[in-house]
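Here the structure comes first, spelled out in structure tokens, and everything after it is commentary.
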Amino acid sequence: MNIPESVRERAVRLADALPAYVYDLAALDRHAATVRRALPGIELYYAVKANPDPALLHTLAPYADGFEVSSSGEVAHVRSVLPDARLALGGPGKTDAELALDVHRMHVESPGELRRLIDVGGPVDALLRVNLAVPVEGASLAMGGGATPFGMDPDGVRECLALVHGQNRVRLRGVHAHLASGLHAAELLELAKAVLAFSRDLAATEVNLGGGMAVSYRDPEERFDWEAYGRGLACLRDSGETLRVEPGRALAAYCGWYLTRVIDVKRVHGEVFAVVTGGTHHLRTPVAKGHDQPFAVLPAGRAGTGVDDEPVTVVGQLCTPRDVFARRVPMSVNVGDVVAFGLAGAYAWTISHHDFLMHPKPGFHYLT
Ligand SMILES: *Cc1c(COP(=O)(O)O)cnc(C)c1O
């Protein structure tokens with residue numbers, strides 16, 4: 001994949017301090033500005049679980065109307081970084097202590113949770129998280145469209161409407177839907193139509209359409225079509241309706257790089273392996289998603305210590321056959337070369353099992 005000059009320069013300077021994460025905050029700023037411009041009249045929240053790094057939160061803050069958080073830990077974290085940020089708290093399995101938190105919006109996941117929210121929380125503004133029977137075939141992850149632990153079906157919504165009636169601790173503002181992830185603009189707009197039809201039946205005027213905008217790990221240059229999505233949402237939106245989206249991956253993925261160095265190139269039963277410092281305990285994304293993590297090789301090693309233009313499987317230092325970044329990718333690589341994995345800005349470091357094998361942790365570096 002293509003690697004920006006600034007990241008390449010930093011990789012050279014970090015030569016002896018790899019593995020390391022590099023976050024290109026300048027690129028994130030440009031990207032967030034583009035996304036913001038493409039969504040006039042639509043509220044933009046950032047889904048913090050994609051990457052809670054304080055520098056990313058600061059970079060995104062000018063473009064975000066708020067932050068979607070999934071635990072009391074994320075609430076405390078974002079408050080410590082951005083004390084005035086609006087927070088929407090979602091996620092299945094909220095504890096009573098979490099339901100008692102004072103947030104801008106509480107996303108209610110079930111009638112049982114709403115009962116507890118009425119008991120322990122509030123006054124609070126809430127959205128009901130719905131799980132509608134809509135097709136989500138193209139998705140890489142499905143949180144809705146069928147039986148999942150996320151949100152409630154129309155029967156659950158009816159039960160909730162009865163519960164909120166006649167009390168004033170929980171003010172129902174509308175509907176939240178995060179049905180699937182890995183979808184293109186046209187597919188997300190189809191889902192938005194279904195969610196809006198449902199919310200209008202309830203006379204809800206506030207609708208959070210969730211995240212899930214696609215990131216292609218196969219073609220790292222491909223981008224979600226924010227312009228088409230924004231135009232589509234503008235057409236769908238009725239006057240007086242508040243529409244909100246809460247992307248995580250498609251905002252944060254592109255700014256992150258995980259830089260490693262090749263420490264061995266070996267041929268085993270005919271297949272070539274490049275072993276790099278670090279591993280999927282720092283960048284679990286390719287294991288979690290079952291893909292090849294895109295990367296660039298920066299020649300820095302000694303000629304003749306590796307292979308020329310052959311399929312190579314890139315692995316880390318862990319003592320498990322699962323520690324694979326990418327399989328049989330044609331490349332030239334030598335011992336000492338730097339391997340820069342891209343699209344490592346979302347669901348990367350924080351979903352990884354850092355302590356397995358107790359290798360040193362990577363450094364974190366920021367390009368501004
Ligand atoms: C994870 C999550 C998001 C963000 O999803 P992406 O695929 O990263 O855009 C948004 N909303 C909810 C409720 C989530 O759980």
Side-chain angles (χ1 to χ4, degrees), residues 28 31-32 35-36 38-39 42-53 56-57 60 63-71 73-75 78 86-94 98 103-110 113 126-132 136 138-145 148-152 174-185 187-189 191-192 195 206-217 222-226 229 233 243-256 284-285 288-289 291 343-351:
L28 178 62
H31 179 53
V35 171
R36 178 62 281 173
L39 301 172
I42 306 292
E43 289 191 8
L44 176 65
Y45 277 40
Y46 170 58
V48 170
K49 76 175 186 291
N51 191 333
D53 188 290
L56 268 74
L57 298 182
L60 290 169
Y63 307 104
D65 298 289
F67 293 82
E68 191 263 348
V69 288
S70 316
S71 70
E74 285 189 350
V75 170
V78 179
R86 281 185 171 178
L87 302 182
L89 176 58
K94 290 192 244 5
E98 286 170 325
V103 290
H104 184 66
R105 290 291 179 272
M106 191 71 77
H107 294 164
V108 175
E109 293 267 346
S110 73
E113 189 175 85
L127 303 181
L128 298 181
R129 180 170 183 181
V130 301
N131 171 353
L132 304 178
V136 289
S140 61
L141 290 173
M143 276 65 64
T148 72
F150 305 104
M152 55 191 108
V175 165
H176 170 240
H178 173 66
L179 295 168
S181 81
L183 295 180
H184 298 289
E187 296 163 326
L188 276 180
L189 287 168
L191 289 184
V195 171
E206 182 177 314
V207 182
N208 183 326
L209 295 163
M213 296 73 184
V215 166
S216 171
Y217 290 85
E222 193 180 309
R223 290 291 181 276
F224 181 81
D225 192 343
W226 291 102
Y229 188 57
L233 289 183
L243 298 191
R244 184 178 302 138
V245 297
E246 49 181 18
R249 190 185 303 272
L251 279 176
Y254 302 101
C255 76
R284 205 172 80 88
T285 324
K289 303 257 307 162
H291 63 223
L343 273 55
Y347 305 103
W349 169 247
T350 53
I351 68 158

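Note that the structure is predicted; figures quoted are calculated from it, not measured. Remember, it's 1-based here, ligands and their atoms both numbered in the order they're listed.
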Item to check | Ring geometry between H176 and H107 (parallel below 30°, tilted from 30 to 60°, perpendicular above 60°) | outcome: parallel

Checklist entry - Is the side chain of H184 donor-acceptor paired with the backbone N or O of M213 at a distance under 3.5 Å, no angle test? => result no

Checklist entry - Exactly which residues line ligand 1, taking a heavy atom under 4.0 Å from it as the test? => result A47, K49, E68, H176, H178, S181, G211, G212, E246, P247, G248, R249, Y347

Checklist entry - Can we say E206 and R105 salt-bridge, meaning some charged N sits less than 4.0 Å from an Asp/Glu carboxylate O? => result yes

Next on the checklist: Can you list everything that forms a ring pair (Phe, Tyr, Trp, His ring centres under 6.0 Å) with H178? Sequence neighbours excluded, please.
Outcome noted: none

Item to check | Results of side chain to side chain contact (heavy atoms under 4.5 Å, CB included) for A32 - residues two or more places apart only | outcome: L60, Y63

Item to check | Partner set under ring pair (Phe, Tyr, Trp, His ring centres under 6.0 Å) for Y229, not counting sequence neighbours | outcome: F224

